[in-house]
Amino acid sequence: MTNHTHTKCEELLGSLSAYIDGDLNPELCQELEKHLAECDNCRIVLNTTKRTIDLVQTPLEKPDLPEDVRERLFHRLNLDNYLTPKPK
Amino acid sequence: MDRQPSNEISLEALIAGDRAEFARLVDTYSSPIYRLGLRMLGNPQDAEDVLQNTFLNALTHIQNFEGRSSLATWLYRIAANEALMLLRKKKPEVNIEEMEGEEDAEDVRPTQFVDWSALPEEELLSGEGKKALDAAVQQLPESLRIVFLLRDVEGLSIKETADALNLTETNVKTRLLRARMALREHLSAYYSERLPARSEK
Ligand SMILES: [Zn+2]
């Protein structure tokens, strides 16, 4: 038997992703926020999960297409005539 | 992905076979599609194949585009299929449709409880940190990785991701939770080791 708090954590864990997406129904949302206020571990899981998503969305993680790859793509598509400098 | 290109791509022009407009479509979406290929296949050569096949396919089928989804979602759908097809060819043992141990919540349960979220971005995305992040994404099973990339990296909605991958929205949400948790675990193990040295202020 796990103790009560622990069970609560696992129960709410499944809602964390939906909570981050703002996609959780109001009752569950309230229940989760109440739990977050008193549970360090769940708060850490929430913060680090959010941060993880932030990180993969940084411009550094979203590089543009290399110019040589772009040229070969245009060539393959018979679009050489439209290979103008890439609009910014 | 840029959802509002400075001037909107004209579907009418694309369907009418306007080459210049198709070139604009290519320039608008080639970066995210290349990125997706790179992260799914793990090497530039395969990513380029995915990229070229996606737009060749799009060029052939643009006439059949029914506008039930946005052009972006339609392209992602083609790209995801190309990536998964290539993946199957290279790694026949990979099963994209099935989630192994779907009922088993064990691997969603967090074990790392160190709060590294306040570490500055320069630290998190330093040369080494960036490598750790890429490696963490790479270790996600393909069936979770594709969902995570479309939703969290490229910013599609749950519904758009479901449409692009032919999955139900519930399935997308389940996979997304698992992907996010697995990635968080992995990164926590890495970043928490960076914490103690910096903790004395
Ligand atoms: Zn908790």
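Since the model is a prediction, treat every value here as computed from it, not as a measurement. Letters A, B, ... mirror the listed sequences (proteins, then strands); counts begin at 1.
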When you compare the side chain of B:Met181 with that of A:Thr52, does any pair of heavy atoms fall below 4.5 Å?
no
Hey, does A:Val56 have a side-chain heavy atom less than 4.5 Å from the side chain of B:Phe148?
yes
Using a 4.5 angstrom heavy-atom cutoff, name the option from B:Leu59, B:Leu51, B:Val137 with the most pairs to chain A.
B:Leu51
Drop me the distance from B:Trp116's CH2 to A:Asn47's CG, to the nearest 0.5 angstrom.
10.0 Å
Between chain B and each of A:Leu83, A:Ile53, A:Asn78, count heavy-atom pairs under 4.5 Å; write down the option with the most.
A:Ile53
Is it true that B:Arg35 and A:Asp64 have a side-chain N and a carboxylate O under 4.0 angstrom from each other?
no
Just checking, any donor-acceptor pair under 3.5 angstrom between side chains of B:Arg184 and A:Thr48?
yes
Once you round to the nearest 0.5 Å, how far does CD1 of A:Ile44 lie from CZ of B:Phe113?
8.0 Å
Chain A contact via B:Leu176 - which portion, at a heavy-atom distance below 4.5 Å
both
Quick one: what part of B:Leu124 sits under 4.5 Å from any heavy atom of chain A, side chain, backbone, both or neither?
side chain
For the residue pair B:Arg180 and A:Thr49, confirm or rule out a side-chain donor-acceptor distance under 3.5 Å.
no
Under a 4.5 Å heavy-atom cut-off, does chain B meet the side chain of A:Arg43, its backbone, both or neither?
neither
Atom group of B:Leu177 that falls short of 4.5 Å from chain A, counting heavy atoms:
both
To the nearest 0.5 Å, what is the distance between OG (A:Ser15) and NZ (B:Lys173)?
11.5 Å
Are there over 12 heavy-atom neighbours, none belonging to A:Gln30, within less than 6.0 Å of that residue's CD?
no
How long is the span from the CG atom in A:Asp21 to the CG atom in B:Asp152, to the nearest 0.5 Å?
7.0 Å
Taking B:Leu187, B:Leu133, B:Leu183 one by one, which has the highest count of heavy-atom pairs under 4.5 Å against chain A?
B:Leu133
Euclidean distance, A:Arg51 CZ relative to B:Asp115 CG, rounded to 0.5 Å
10.5 Å
Top contributor to chain B contacts, counting heavy-atom pairs under 4.5 Å, from A:Ile20, A:Val69, A:Leu16, A:Asp40
A:Val69
Under 4.5 Å from any heavy atom of chain A, what part of B:Leu149 do you find: side chain, backbone, both or neither?
neither
For A:Leu79 and B:Ala23, the nearest pair of non-hydrogen atoms, with its separation, is CD1-CA, 4.1 Å
Yes or no on side chain to side chain contact (heavy atoms under 4.5 Å, CB included) for B:Val26 and A:Tyr82, after CA distance, side-chain angles and deciding distance?
CA-CA 11 Å; B:Val26 173; A:Tyr82 300 96; over 6 Å; no
Exercise: identify the closest heavy-atom pair between B:Phe55 and A:Leu73:
CD1-CD2, 4.1 Å
Chain A: which of B:Gln112, B:Glu121, B:Gln52, B:Arg19 shares the most heavy-atom pairs with it under 4.5 Å?
B:Arg19
As an exercise, state the distance from NZ of A:Lys50 to OG of B:Ser117, rounded to the nearest 0.5 Å.
9.5 Å
